[in-house]
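Everything on this sheet refers to the single structure shown next.
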Amino acid sequence: MKSAFAIWVGSTVTAASQSTQSHKLLTKYRSISLAILALLASIVPAFGITVTTPENGEQLTSPFSLVASTTSCGAEPAVSMGYSLDYGATTIVPTSFSAMVIAGGGQHILHVKCWGQNGANSDTSLNITIVPETTVPSNATIVGDIQSLPNWAWDHDPGTPGDSTGSSDLTNVPSLSGNARRMAVSFDNSGGELFHVSFGKDTAATHFIYDAEVYLGYSSALANIEMDMNQVMANGDTVIYGVQCDGISGTWDYTLNLGTPEQPIDKWIHSNVSCPEPKTWDPNTWHHVQISYSRDGSGNVTYGSVVLDGNQSDFVGATGNSAFALGWGTTLLTNFQVDGLGLEGSITAYLDKLTVSRW
């Protein structure tokens with residue numbers, strides 16, 4: 001027979017063991033419950049908000065598509081929604097909406113919000129990363145050998161000082177394709193000559209990549225090289241995608257309209273990306289230039305990146321309105337401009353394999 005002490009000790013040990021097992025079991029169930037809650041939180045939108053696109057953690061190009069909806073906000077019927085980037089201003093939208101959102105390069109927090117009829121509100125957040133568009137998607141429309149089109153024209157750019165005259169024709173020396181375009185300019189007082197051609201019509205495309213080979217002779221008289229594209233949108237406004245290698249500032253510059261489409265104030269903005277002076281580019285050598293940009297439905301442009309001879313640089317914060325009410329008919333048009341440096345001089349440049357991709 002066990003002693004009373006033995007029975008008491010045994011009971012105590014058994015109780016302690018059962019208590020420890022119960023604690024472990026509760027801890028296990030608690031961990032499982034937290035894991036389930038975390039999983040639900042990651043897949044169930046907060047307070048009924050459904051974000052169809054983009055996905056959390058997605059890499060995007062600007063502008064990107066935002067599609068979201070809700071019928072309730074908290075326990076109340078939803079009356080409106082909104083969205084914002086980081087700590088920026090909120091754009092108010094209906095309870096089911098689709099929008100094109102412009103964002104600068106890098107990481108952002110996208111906030112999608114709702115408001116209920118009695119004041120309830122909610123905010124679901126997604127982490128997104130904006131990357132430059134440097135590859136052409138399979139659904140893109142590609143127009144190549146634009147330099148060989150027969151309808152090129154040229155004029156002095158009245159936005160530059162002084163005066164200039166130009167001439168242009170096709171040549172196979174120097175050339176990569178057998179049909180390079182020669183552009184010869186004579187100038188005084190730093191005048192600039194603008195060469196341009198229309199290569200199609202498309203009011204819907206929002207993303208573009210300009211791709212060209214540029215050949216310069218000995219160009220001590222060259223100040224700037226400008227490579228632009230213009231697009232007339234469905235509302236009749238012309239979006240100017242303007243980019244130049246600025247030999248004075250040593251930067252790649254981009255164009256914005258600081259006014260309104262009807263009362264424009266066009267401005268060259270120095271970017272964060274450096275550009276070697278065009279007059280110092282290796283002479284008698286083909287230089288590969290690629291520039292990407294995109295827009296939203298209002299003509300707000302995001303300049304993505306520039307690649308010079310395989311070296312890519314991403315523009316930072318290069319976003320703003322670039323729509324102008326010029327009264328043009330529907331067109332896609334590209335410009336190539338050279339600006340002189342000094343009292344007088346001459347410049348010869350060659351353009352080959354000019355391609356514009358759009359989607």
Side-chain angles (χ1 to χ4, degrees), residues 22-133 137 139 204 206-207 233-235 260 294-302 304 314 316-321 323 359:
S22 297
H23 177 73
K24 290 181 178 179
L25 191 60
L26 287 172
T27 301
K28 180 180 180 180
Y29 285 143
R30 185 179 293 113
S31 299
I32 293 173
S33 298
L34 289 174
I36 292 173
L37 288 173
L39 178 62
L40 289 174
S42 68
I43 61 175
V44 177
F47 296 96
I49 294 176
T50 299
V51 180
T52 305
T53 184
E55 296 181 355
N56 186 42
E58 189 172 357
Q59 289 191 339
L60 308 162
T61 57
S62 178
F64 65 88
S65 175
L66 170 59
V67 179
S69 63
T70 189
T71 57
S72 62
C73 193
E76 302 173 6
V79 295
S80 63
M81 294 185 70
Y83 64 89
S84 63
L85 278 174
D86 303 318
Y87 299 103
T90 297
T91 300
I92 305 300
V93 291
T95 55
S96 179
F97 72 95
S98 174
M100 295 298 293
V101 182
I102 282 185
Q107 296 181 340
H108 298 279
I109 299 176
L110 172 63
H111 299 276
V112 182
K113 313 169 185 182
C114 69
W115 290 270
Q117 66 179 10
N118 295 318
N121 63 84
S122 178
D123 181 338
T124 186
S125 300
L126 297 89
N127 296 308
I128 61 171
T129 302
I130 302 299
V131 297
E133 185 61 67
N139 64 329
T206 57
H207 291 70
M233 298 188 297
N235 67 358
T260 65
S294 58
R295 67 164 178 88
D296 67 7
S298 300
N300 296 301
V301 173
T302 295
D314 299 335
V316 175
T319 298
N321 191 266
W359 62 96

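The residues of the chain are indexed from 1 along the displayed sequence.
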State, to 0.1 Å, how close [X] and [Y] come at their nearest heavy-atom pair, and which atoms those are.
X	Y	value
I102	T319	CG2-CG2, 3.0 Å
L85	A103	CD1-CB, 3.5 Å
F97	M81	CE2-CE, 3.9 Å
S125	H111	OG-ND1, 3.1 Å
A323	M233	CB-CE, 4.4 Å
L60	P54	CD1-CB, 3.8 Å

Taking atom [atom1] of [X] and atom [atom2] of [Y], what is their separation to the nearest 0.5 Å?
X	Y	atom1	atom2	result
K113	S80	NZ	OG	11.0 Å
I128	Q59	CD1	CD	11.0 Å
T91	Y83	OG1	OH	4.0 Å
S122	E76	OG	CD	11.5 Å
D314	I130	CG	CD1	12.0 Å

Can you find a pair of side-chain heavy atoms, one from [X] and one from [Y], that are under 4.5 Å apart?
X	Y	answer
Q117	C73	no
T302	D296	no
S69	T95	no

Query - Sole residue of V93, T124, D123 in side-chain contact (heavy atoms from CB on, under 4.5 Å) with V112 - result: T124

Return yes if some donor-acceptor pair links the side-chain N/O of [X] with the main-chain N/O of [Y] below 3.5 Å, else return no.
X	Y	value
N321	T260	no
T70	G48	yes
H108	T129	no
N56	N127	yes

**Report entry** Neighbour count >12 (heavy atoms, 6.0 Å) for atom CD, E58
**Finding:** yes

Query raised in the report: Just wondering, more than 12 heavy atoms not from E55 lying within 6.0 Å of its CD?
Result: no

